[in-house]
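Report on the structure given below.
Read the numbers this way: they start at 1 and go in the same order the structure lists the ligands and their atoms.
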Amino acid sequence: MFKKILVANRGEIALRIIKACNELSITAAVIYSEADKTALHVRLADEAYNIGGPRADESYLNQDRIISLANEINADAIHPGYGFLSENSQFIEKVEKAGITFIGPSSNSVKLMGDKTSARRLMTQNNVPIVPGTTKPISTIKDAMKSASDIGYPIMLKAAGGGGGKGMRVVQSESELEESFNLAKSESQKAFGRDDIYMEKFLVNPKHIEVQIIADHHGNYRHLFERECSLQRRHQKIIEEAPSPSISEKDREKITTIALNAAKACDYHNAGTIELLMDEDKSFYFLEMNTRVQVEHPVTEFISNIDIVKEQIRIASGEEISFQQEELKILGHSIECRIYAEDSLNNFAPSVGVITNHSVPHGVGIRIDTGIDTNSEVSIYYDPILSKLVTFGCDREEARSRMLYALKNYLVTGVTTNIPFCKWIMQHKDFVKNKFNINFIGYEIEKYLNEKRDTEILSDEMVASVIVSSLLYHEKRISAPKLNFVPEHNRWTVDHE
Ligand code: ADP
């Protein structure tokens with residue numbers, strides 16, 4: 001087993017990895033940028049190293065600096081978390097060449113799956129159904145027109161090197177194609193440094209379902225069931241749950257088989273996720289593979305009782321997967337809300353500032369993975385995710401009502417958060433009844449804005465009463481902070497209903 005791991009990330013996922021290292025008695029070293037000098041991951045790690053300026057390219061993306069640091073401090077392995085360098089095959093190759101273990105798949109698997117067209121070709125060769133469309137980049141508008149009329153409108157143009165919900169354009173008819181094609185190419189060049197794009201049939205009301213898999217270096221492949229991730233805004237997930245309330249036992253059998261085949265096709269090891277779209281007729285199509293730990297992995301941990309991050313570390317050190325497939329069963333239901341520093345009422349604009357209060361909910365079936373505490377600074381430099389609030393219940397309704405309780409008792413002041421928005425979704429009748437697909441938030445957002453715009457701003461008195469009760473709840477009998485610490489525009493709320 002490793003003695004020391006360098007965590008090449010920040011925020012909640014860095015803390016999550018530190019926790020796994022602690023449990024495995026491995027020294028957790030972290031990197032940090034100038035902007036993160038006082039960040040929680042720096043304070044909780046066993047060792048912390050400043051590696052550069054606040055911009056990600058000066059620090060968390062600085063491949064050579066990270067690798068030379070790992071060598072200097074005698075780290076056996078690097079855990080990349082998600083985002084940053086986690087799916088950068090060039091980085092992984094350099095780590096491999098430096099004789100350090102990368103906690104994740106091989107550079108080769110990442111290269112194969114990171115290019116969406118090569119992944120689609122590979123899946124087709126291995127009888128994995130893909131969203132209908134092209135499997136090679138399209139270079140001319142003439143080719144684009146031909147492919148689009150073969151596939152049938154509406155179609156979606158996508159960046160071959162895309163990710164993070166960026167670089168996608170829906171085209172409804174041929175008259176829009178040329179302009180969209182040129183825009184998609186230049187957007188892709190800007191965002192991903194390459195302009196190759198491909199085309200997929202645009203599925204009108206699908207659900208996003210994904211399967212968590214784990215593979216080791218001994219030829220063992222396991223799945224940890226599926227997650228439902230259809231609640232997205234601009235193709236970015238906000239709320240996830242496991243298992244999917246739309247999947248029957250028969251469907252589960254089908255999609256887990258697809259996922260394991262996909263993983264085998266690229267000779268995968270470590271944890272990974274096969275993303276699928278489920279069409280209205282319940283056909284499943286491979287969308288892409290994420291070759292790293294996912295943001296939403298805690299819902300799977302809750303329902304399977306498997307610690308995915310510890311499993312990643314053990315596998316990377318050469319151990320076999322610690323469980324047999326038959327030993328796993330779905331233990332209940334879990335829901336995750338991604339808590340972002342953003343203003344849902346102002347076009348989800350990022351909110352920056354210093355956290356003046358951070359008081360988290362407690363109780364049976366409540367987990368919070370966070371990278372912040374009181375006085376943490378939320379800066380412009382990084383993703384605005386503050387924490388992940390996750391609940392578990394014996395069934396979906398228990399997980400949902402627990403989530404609502406947890407959201408009501410989660411206090412974050414100093415920045416605006418999407419907690420009120422998450423609460424609204426948790427109570428939406430269509431969410432309760434599982435009547436939603438990937439367009440739900442896009443369709444419903446206007447309703448939310450109309451309902452909430454005038455009612456969310458709290459009076460100072462209400463702010464005071466919630467702060468006091470929240471502090472008492474945690475039995476920290478300290479006096480309530482002065483009210484002028486709470487920005488007037490802050491919209492964390494008590495419930496009005
Ligand atoms: P990224 O890698 O940027 O996350 P994905 O290919 O995983 O992009 O797609 C992200 C989301 O975009 C999906 O979850 C889905 O909501 C939507 N999407 C992607 N492809 C299609 C498609 N062909 N039809 C309809 N929606 C799609």
Side-chain angles (χ1 to χ4, degrees), residues 82-84 86-89 110 112-120 123-124 128-135 137-138 144 147-148 150-172 180 184 187-188 190-194 196-212 226-241 244 246 255 259 262 272-296 338 383 385 436-445:
Y82 55 71
F84 294 126
S86 59
E87 292 182 288
N88 185 316
S89 60
V110 173
L112 271 173
M113 291 315 218
D115 180 312
K116 293 188 175 187
T117 48
S118 79
R120 283 165 63 78
M123 291 304 109
T124 312
V128 173
I130 59 171
V131 182
T134 62
T135 53
I138 308 170
S147 299
D150 290 348
I151 298 164
Y153 290 93
I155 57 104
M156 201 173 204
L157 295 170
K158 292 175 118 176
K166 296 193 198 92
M168 285 183 267
R169 279 189 166 259
V170 181
V171 185
Q172 298 291 350
S180 297
E187 280 167 7
S188 172
K190 247 187 245 153
F192 309 110
R194 48 190 277 200
D196 39 347
I197 54 171
Y198 68 102
M199 193 181 287
E200 274 179 9
K201 174 90 190 149
F202 177 66
L203 305 183
V204 180
N205 280 318
K207 277 194 160 236
H208 175 121
I209 312 278
E210 58 185 35
V211 179
Q212 174 74 57
E226 80 285 350
R227 292 184 285 259
E228 159 73 64
C229 308
S230 301
L231 290 175
Q232 308 177 350
R233 189 180 157 268
R234 301 207 169 142
H235 310 305
Q236 291 255 53
K237 299 161 193 165
I238 303 179
I239 293 170
E240 302 96 341
E241 54 186 308
S244 166
S246 303
I255 60 174
T273 296
I274 314 295
E275 295 192 333
L276 305 161
L277 287 183
M278 180 177 89
D279 212 351
E280 284 166 291
D281 67 358
K282 288 218 156 192
S283 305
F284 292 95
Y285 301 105
F286 170 86
L287 192 57
E288 66 164 344
M289 180 167 192
N290 286 323
T291 53
R292 53 168 163 83
V293 67
Q294 298 274 95
V295 177
E296 57 272 23
R338 299 187 186 191
D383 190 273
I385 195 165
F436 60 89
N437 56 52
I438 60 162
N439 300 310
F440 177 82
I441 289 178
Y443 289 153
E444 294 295 297
I445 190 70

Top protein contact for [atom], by heavy-atom distance:
| atom | result |
| --- | --- |
| atom 8 (O) of ligand 1 | K116 NZ, 3.3 Å |
| atom 21 (C) of ligand 1 | M156 SD, 3.3 Å |
| atom 3 (O) of ligand 1 | G165 N, 2.6 Å |
| atom 19 (C) of ligand 1 | K158 NZ, 3.3 Å |
| atom 10 (C) of ligand 1 | M168 CE, 3.8 Å |
| atom 12 (O) of ligand 1 | H235 ND1, 3.1 Å |
| atom 24 (N) of ligand 1 | L203 N, 2.9 Å |

- Item | Pairwise side-chain contact, F436 with E228, heavy-atom cut-off 4.5 Å (strictly under) |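 F436 reaches E228 side chain to side chain.
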- Item | Residue pair I130 / T135, side-chain heavy-atom distance below 4.5 Å | yes
State the atoms of ligand 1, each with its element, that fall below the 4.0 Å cut-off from a heavy-atom position in [X].
| X | value |
| --- | --- |
| Q232 | 11 (C), 13 (C), 14 (O), 15 (C), 16 (O) |
| H208 | 13 (C), 14 (O) |
| F202 | 24 (N), 25 (C), 26 (N) |
| E275 | 7 (O) |
| E288 | 1 (P), 2 (O), 4 (O), 5 (P), 7 (O) |

- Query: Can you tell me if Q294 and R292 form a side-chain donor-acceptor pair at under 3.5 Å?
  - Reply: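 Yes, R292 and Q294 have a side-chain donor paired with an acceptor closer than 3.5 Å.
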- Task: Considering only NZ, NE, NH1 and NH2 on the basic side and carboxylate oxygens on the acidic side, decide whether E210 and K237 come within less than 4.0 Å.
- Result: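 Looking at E210 and K237, the cut-off is met.
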- Query: Do R194 and D115 meet the salt-bridge criterion of a basic N to acidic O distance under 4.0 Å?
  - Reply: yes
- Task: With side-chain contact (heavy atoms from CB on, under 4.5 Å) as the test, would you mind laying out the steps for I239 and E241 before giving the verdict?
- Result: CA-CA 7 Å; I239 293 170; E241 54 186 308; 5.9 Å; no
- Message: Around atom NZ of K190, are there more than 12 heavy atoms from other residues, nucleotides or ligands closer than 6.0 Å?
- Response: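 No - once you tally the heavy atoms of other residues, nucleotides and ligands closer than 6.0 Å, there are 12 at most.
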- Query: Closest heavy-atom contact between P129 and F284?
  - Reply: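 Where P129 meets F284 most closely, the heavy atoms are CG-O, 3.6 Å.
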- Should R120 and Y198 be marked as a side-chain contact (heavy atoms from CB on, under 4.5 Å) after you check the CA-CA gap, both sets of side-chain angles, and the distance that decides it? CA-CA 10 Å; R120 283 165 63 78; Y198 68 102; 3.5 Å; yes
- Please say whether I438 places an N or O atom under 3.5 Å from an N or O atom belonging to ligand 1.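 No.
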- Task: Return yes or no for this condition: an N or O of V131 is under 3.5 Å from an N or O of ligand 1.
- Result: no
- Message: Against ligand 1, does K237 come closer than 4.0 Å with any heavy atom?
- Response: no
- Message: Looking at ligand 1, would Q236 count as a contact under a 4.0 Å heavy-atom criterion?
- Response: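 Q236: no contact with ligand 1 (<4.0 Å).
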- Begin from the C-alpha positions of I441 and Q236 and carry the test side-chain contact (heavy atoms from CB on, under 4.5 Å) through to its verdict. CA-CA 11 Å; I441 289 178; Q236 291 255 53; over 6 Å; no
- Item | L203/Y285 under side-chain contact (heavy atoms from CB on, under 4.5 Å): CA gap, chis, key distance, verdict | CA-CA 10 Å; L203 305 183; Y285 301 105; 3.8 Å; yes
- Short version for V204: what comes under 4.0 Å of ligand 1, heavy atoms counted, is neither
